[in-house]
Amino acid sequence: MEAEYFPLSMCMRELLPLKRLLMELNKVFKFDLEDALTKSMVFEDNALAVQLATMPKMTPQSKHIALHNHFFRKHIARGAVDFKHVSTELKIADILRKGLGDTKFEKLRKLMM
């Protein structure tokens, strides 16, 4: 659980400042990004990490995780960020990160197109 939760926390550390930057730029350039500014979607393949992130309280299993890794929970509660579970079979990024067999490579390549 912890091994998947830390990368999720790091993802949120990248996402939230970028979102603030986009809001500041929108004040000047008036982009048509109202949907993008209101809610961000984060895709995660670990259901336990998503459950831990969306849970409003700490659990006995998560109490050892440092508090600075839970900073993004307030953004989830506010509705600024939403999580969507993605099956491991549909992780398109694997085509760039792993050596895959022919069938899996072909399947992910079709999903990219």
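Residue numbers start at 1 and run along the sequence shown.
- With hydrophobic clusters built from ILVMFWY side chains whose heavy atoms lie under 4.5 angstrom apart, Val81 does not share a cluster with Leu18.
- Pairing each heavy atom of Ala49 with each of Leu8, the nearest pair is O-CD2, 3.8 Å.
- When every heavy atom of Glu106 is checked against every heavy atom of Arg109, the shortest pair comes out as OE1-NH2, 2.7 Å.
- Remark: Met112 CE to Lys107 NZ distance equals 15.0 Å, nearest 0.5 Å.
- Between atom CZ of residue Phe83 and atom SG of residue Cys11 there is a gap of 7.5 Å, rounded to the nearest 0.5 Å.
- Interatomic distance, CD of Glu24 versus CG of Asn26, reported as 10.0 Å (0.5 Å rounding).
- The closest donor-acceptor contact from the side chain of Lys19 to the backbone of Glu14 lies at 3.5 Å or more, if one exists at all.
- The side-chain heavy atoms of Asp82 and Val42, taken from C-beta on, include no pair separated by under 4.5 Å.
- In this structure, Lys110 NZ and Leu108 CG are separated by 11.5 Å, a value rounded to the nearest 0.5 Å.
- In terms of heavy-atom proximity, Lys91 sits nearest to Asp45 at NZ-OD2, 3.1 Å.
- Hydrophobic clustering of Ile, Leu, Val, Met, Phe, Trp and Tyr side chains at less than 4.5 Å, counting indirect connections, unites Phe29 with Leu21.
- Taking NZ of Lys84 as the reference point, atom CD of Glu44 lies at 14.0 Å (rounded to 0.5 Å).
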